[in-house]
2 protein chains.
Amino acid sequence: MTRTTRVDEALPLNTVLAGDCIEVMNGLPAGSVDLIFADPPYNLQLKNQLHRPDNSRVDAVDDAWDQFSSFEAYDAFTRAWLAAAKRLLKPGGAIWVIGSYHNVFRLGAELQNQGYWILNDVVWRKSNPMPNFRGKRFTNAHETLIWASVGEGAKYTFNYEALKALNEGIQMRSDWVIPICNGHERLKDDQGDKAHPTQKPEALLHRVLVGTTNPGDVVLDPFFGTGTTGAVAKMLGRDFIGIEREEAYRKVAEKRLAKVRRFDREALTVSAGKRQEPRVPFGQLVERGLLSPGEMLQSPRGKIAKIRADGTLVSENVKGSIHQVGAALEGAPSCNGWTYWSFKREGKSVPIDVLRQQIRSEMHD
Amino acid sequence: MTRTTRVDEALPLNTVLAGDCIEVMNGLPAGSVDLIFADPPYNLQLKNQLHRPDNSRVDAVDDAWDQFSSFEAYDAFTRAWLAAAKRLLKPGGAIWVIGSYHNVFRLGAELQNQGYWILNDVVWRKSNPMPNFRGKRFTNAHETLIWASVGEGAKYTFNYEALKALNEGIQMRSDWVIPICNGHERLKDDQGDKAHPTQKPEALLHRVLVGTTNPGDVVLDPFFGTGTTGAVAKMLGRDFIGIEREEAYRKVAEKRLAKVRRFDREALTVSAGKRQEPRVPFGQLVERGLLSPGEMLQSPRGKIAKIRADGTLVSENVKGSIHQVGAALEGAPSCNGWTYWSFKREGKSVPIDVLRQQIRSEMHD
DNA sequence: ACAGATCATGAATCCATCT
DNA sequence: AAGATGGATTCATGATCTG
């Protein structure tokens, strides 16, 4: 009696494979994977040490695996692993990659070059990013994910209703607010140091897997690290394949995975909740043209102040925020500028708080 | 009598130039522009208009090749205009480009290939995006901007304090929440249809220009469209140069620009940081008798140091500047001596920075 | 035990000027 | 041109310490 070997039987499901991800992927059967989630090295190109204003040293990502000699070398690496990944994907499969401005443009361009079809780019907006300590750039407060199918017109999985439910009944957008991974979720080594420099939050993988896979799907992560993809896949009833070169990371991942129980959502409910009125900087009223630089504001007792282009006020040699100038004019220790200042419209005096409410109502859309 | 032609005299400031932006840029003097803001098109009719880098024509072939050749043609276009832009920038200049996932990865990769140095990628998070009607993808709720200097280590303008003020005292992040351009701000043509398909909100340009230019700077926009960059530049007291190929857009832009008024000078003044303050050597406090040689200074943790006649300190076998001695006593890599040391007056401990402020205020007289 | 203060830390391409 | 020096610069969160 003949027997057809099913592809899945050859797959090392729910294990962590050792070795270089390109070689390992090339040894797996083609067309056998539903989703690939890849968090490749970012090629950060850090040169000097950085200290916080309190003189403590920032623990930088200086690992050897993040070093490349040039963009050409990084591109060659990217080309190779993306090609190996494409071979593994089923016709209805898809890929997610994550990166920062150091590498994500090269990732995206190479995805397109290889015929992957980009479905969305998604922004992970970190609610608690590391600040810019020297005040030389914008706070690097996000990372970018790219979601792509295997080609133009290819099928792919998208669980629209599930994502809508995750988002309190509103269609899920391309920007996701999720805290960085720290606290009890952050894995530590025996010395109490972080086990991996760039562990991703489970909430991020939860949204990816709920949204773009089905239970029973095979999810492969070629840069497995400490196994966040595997842990969330296991919780959600998906099969995973991890590939990781570093033995230390594999060990941490295996220990972690052994503890994970399917449908254990404890860690995942954390990211929900906490809705408060969004903070509206006064400067936004100026940027949006609701108030103009040069326009005058009035205090309850008739004092006036001029608005500047950066959203600060000037009055009687006092400069600063709406709160600071209000406090200075009143000789008070503090002042709520939102209720203190008014502007003129059609002869009437209108509190600036009205404009804040207008912006807030737009934000809820 | 000989006369040196200043570069600025050749610049067509505050006008909208007609023509292909690459040709027009190549006709302007090198090193004459402080900032370029570019919103390049990505829905080009590539096949008949563009050439490969070697000037061979791009022909339509089968679908797969067509896909690849289209990217190649787009890359050639990107390469050409980014190179022309780089030539125009001053050594301390910078560029902003904006795009969506269709083109931004190719823009970013080519910026890096040409030696531009990416400073941040910034996400414009739209507070009121168009929903995804078919429910097949995430709501496309953002676009990406890339901010880059002309090269690694190059100087660039960043008004940190002004941006912080715009954000109510918290340093500005890389994700900006700004509504899309509609309502009163959205320009209409004679038929009442939108005059341009992708008009950018003035709030976006306001933040870009307040944050990364100074009054009087020259801002060039090679894809001027209906002139948002020019309008905001004019309001903010920056000079602009617009380039636009389509006559219809130029007409709308010129009509729009004629109506824009510049804000008054005081309103354009923006919060500046301590880096702008003149440097005061510590020795001046001794020379002027505000502190005396032999007098003792105290650190926050009670250590003491003696002032010498040349403005250096001695403490526990350490000699040197206020900064060097402070750093040595704390075992820190660096130390701001101005905020570290205090002296005694009438039994009270007074930070020496108070004396620096006194000297600075005298300098203003 | 509990509240409040203090400390530690996270994918970071993080200085300007003078000698 | 390279090296030395002055001195400016941080937000959110969880853990640990203090009273």
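Numbered from 1 within each chain, the chains take letters A, B, ... in sequence-line order. Below, each value reflects all heavy atoms present in this structure, side chains not excepted, and no hydrogens, waters or symmetry copies.
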Asker: Measure from the ring center of B/Trp124 to the ring center of B/Trp176 and say whether it is less than 6.0 Å.
Answerer: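 Centroid distance B/Trp124-B/Trp176: not below 6.0 Å, so no.
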Asker: What is the distance, to the nearest angstrom, from the NZ atom on B/Lys274 to the P atom on C/dA16?
Answerer: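 In whole Å, C/dA16 P lies 17 Å from B/Lys274 NZ.
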Asker: Under 4.0 Å, counting only non-hydrogen atoms across every strand here, what does B/Glu161 touch: a base, just sugar-phosphate, or nothing?
Answerer: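 Answer is sugar-phosphate: B/Glu161 comes under 4.0 Å of backbone atoms only.
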Asker: Determine whether the aromatic ring centres of B/Tyr156 and B/Trp147 lie less than 6.0 Å apart.
Answerer: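 Aromatic pair counts; centres sit under 6.0 Å.
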Asker: Roughly how many Å apart are D/dG19 and C/dA1, using the C1' atom of each and rounding to a whole number?
Answerer: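 That atom pair is separated by 12 Å.
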Asker: Among A/His206, A/Arg186, A/Arg207, A/Glu185, find the residue that satisfies the side chain to side chain contact (heavy atoms under 4.5 Å, CB included) test when tested with A/Pro201.
Answerer: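 Result for side chain to side chain contact (heavy atoms under 4.5 Å, CB included) with A/Pro201: A/Glu185.
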Asker: Would you please indicate yes or no on a ring centroid separation below 6.0 angstrom for A/Phe224 and A/Tyr249?
Answerer: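 No; A/Phe224 has its ring centre 6.0 Å or more from that of A/Tyr249.
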Asker: So, B/Asn113 versus A/Arg106: side-chain donor-acceptor pair below 3.5 Å or not?
Answerer: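 Present: a donor and an acceptor within the cut-off.
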Asker: Using a heavy-atom cut-off of 4.0 Å across all strands, would you classify A/Val104 as base, sugar-phosphate, or nothing?
Answerer: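 Nothing, no heavy atom under 4.0 Å.
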Asker: Side-chain N or O of B/Tyr160 versus OP1/OP2 of D/dT10: is the shortest distance under 4.0 Å?
Answerer: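 So the side-chain polar atoms of B/Tyr160 do come within 4.0 Å of the phosphate oxygens OP1 or OP2 of D/dT10, strictly under.
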Asker: For A/Arg125 and D/dC11, give me the distance from atom CZ to atom C1', rounded to whole Å.
Answerer: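 Going from CZ in A/Arg125 over to C1' in D/dC11 covers 16 Å.
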Asker: Nearest whole angstrom, please: distance from the C1' of C/dC14 to the CD of A/Gln45.
Answerer: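 It is 15 Å, rounded to the nearest whole Å.
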Asker: Quickly work out the B/Gln276 CD to C/dA16 C1' distance and round it to whole Å.
Answerer: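 Distance check: B/Gln276 CD to C/dA16 C1' gives 12 Å.
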Asker: Kindly indicate, with the supporting measurements, whether the criterion salt bridge (Lys or Arg N to Asp or Glu O under 4.0 Å) is fulfilled by A/Lys251 and A/Glu244.
Answerer: CA-CA 10 Å; A/Lys251 282 194 169 161; A/Glu244 176 52 50; over 6 Å; no
Asker: Looking at B/Arg279 and C/dT17, is any side-chain donor or acceptor paired with a base atom of the opposite kind under 3.5 Å?
Answerer: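 In this structure, the two groups form no donor-acceptor pair.
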Asker: For residues A/Arg256 and A/Thr228, is any side-chain donor paired with an opposing acceptor at under 3.5 Å?
Answerer: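 The criterion, which ignores hydrogens and geometry beyond distance, is satisfied for A/Thr228 and A/Arg256.
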Asker: Does the protein touch nucleotides 4-12 of chain C at the base, only the backbone, or not at all? Give it as B, S and - per nucleotide, heavy atoms under 4.0 Å.
Answerer: -----BBBB
Asker: Any luck finding a side-chain donor-acceptor pair between A/His102 and A/Ser100 under 3.5 Å?
Answerer: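 Indeed, the side chains of A/His102 and A/Ser100 share at least one donor-acceptor pair under 3.5 Å.
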Asker: Taking B/Arg301 first and then B/Glu330, would you say they form a salt bridge - that is, a charged N and a carboxylate O separated by under 4.0 Å?
Answerer: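 A salt bridge is present here (some side-chain N lies under 4.0 Å from a carboxylate O).
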Asker: Which whole number of Å gives the distance between the P atom of C/dA11 and that of D/dA15?
Answerer: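 Per the computed distance, 16 Å lies between those P atoms.
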Asker: If you compare every side-chain N and O of B/Lys164 against the phosphate oxygens of D/dT10 (OP1, OP2), does one of them come in below 4.0 Å?
Answerer: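 So the side chain of B/Lys164 is within the cut-off, an N or O lying under 4.0 Å from OP1 or OP2 of D/dT10.
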Asker: Check whether B/Tyr116 forms a cation-pi arrangement with B/Lys86 (NZ or CZ under 6.0 Å from the six-membered ring centre, at most 45° off the ring normal).
Answerer: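 Here B/Lys86 passes the 6.0 Å and 45° test against B/Tyr116.
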Asker: Under 3.5 Å for both distances, Watson-Crick or G-U wobble, that's the pair rule; now give the dot-bracket for DNA chain D, with | marking pairs to another strand and [ ] for crossing ones.
Answerer: .|||||....|||||||||
Asker: Roughly how many Å is it from CG in B/Leu163 to P in D/dC11, rounded to a whole number?
Answerer: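 From B/Leu163 CG to D/dC11 P: 13 Å.
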Asker: For A/Phe105 and B/Phe105, take the angle between the two ring planes, folded into 0 to 90°, and tell me which bin it lands in: parallel under 30, tilted 30 to 60, perpendicular over 60.
Answerer: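 Rings of A/Phe105 and B/Phe105: tilted, 30 to 60°.
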Asker: If I take atom CG in residue A/Asn55 and atom P in nucleotide C/dC14, what distance separates them, rounded to the nearest angstrom?
Answerer: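 From A/Asn55 CG to C/dC14 P: 18 Å.
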Asker: Look at the side-chain N and O atoms of A/Arg134 and state whether any lies under 4.0 Å from the OP1 or OP2 oxygen of C/dC15.
Answerer: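 For C/dC15, OP1/OP2 do have a side-chain N/O of A/Arg134 under 4.0 Å.
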Asker: Rounded to whole Å, how long is the line connecting atom CD of B/Gln284 with atom P of D/dG7?
Answerer: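 To the nearest whole Å, that distance equals 11 Å.
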Asker: Expressed as a whole number of angstroms, how long is the span from B/Ile352:CD1 to D/dG6:P?
Answerer: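 The answer, rounded to whole Å, is 12 Å.
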Asker: Between residues 318-343 of chain B and DNA chain D, which residues have a heavy-atom gap below 4.0 Å?
Answerer: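 Under 4.0 Å from DNA chain D: B/Ser321, B/His323, B/Gln324, B/Ser334, B/Cys335, B/Asn336, B/Trp338.
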Asker: Verify the contact: side-chain N or O of B/Arg356 to OP1 or OP2 of D/dA8, cut-off strictly under 4.0 Å; return yes or no.
Answerer: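 Looking at the OP1 and OP2 atoms of D/dA8, one of them is under 4.0 Å from a side-chain N or O of B/Arg356.
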Asker: Students often mix this up, so state it plainly: with edges at 30° and 60°, are the rings of A/Phe138 and B/Phe158 parallel, tilted or perpendicular?
Answerer: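 Aromatic pair A/Phe138/B/Phe158 classed perpendicular.
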Asker: Taking the P atom in each of D/dG7 and C/dT19, what is the distance between them to the nearest angstrom?
Answerer: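 Roughly 13 Å separates the two P atoms.
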Asker: What distance, rounded to whole Å, do you find between the two C1' atoms, one in C/dC7 and one in D/dT10?
Answerer: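 That atom pair is separated by 14 Å.
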Asker: Does a salt bridge link B/Asp175 with A/Lys126, judged by any charged N lying under 4.0 Å from a carboxylate O?
Answerer: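 Salt bridge: no.
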Asker: Which part of the nucleic acid, if any, lies within reach of B/Leu119 when heavy atoms closer than 4.0 Å are counted: base, sugar-phosphate only, or nothing?
Answerer: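 Here B/Leu119 touches no strand at all.
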Asker: With the 90 degree cut-off around zero defining syn, does D/dT13 come out syn or anti?
Answerer: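 Chi for D/dT13 falls in the anti range.
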Asker: For A/Gly183 and A/His51, find the nucleotide of DNA chain D closest to each by heavy atoms; which residue's nucleotide sits nearer the 5' end?
Answerer: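 Upstream on the strand: A/His51.
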Asker: Can you tell me how far C1' in C/dA12 sits from the matching atom in D/dT9, rounded to whole Å?
Answerer: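 Going atom to atom, C1' in each nucleotide, I get 14 Å.
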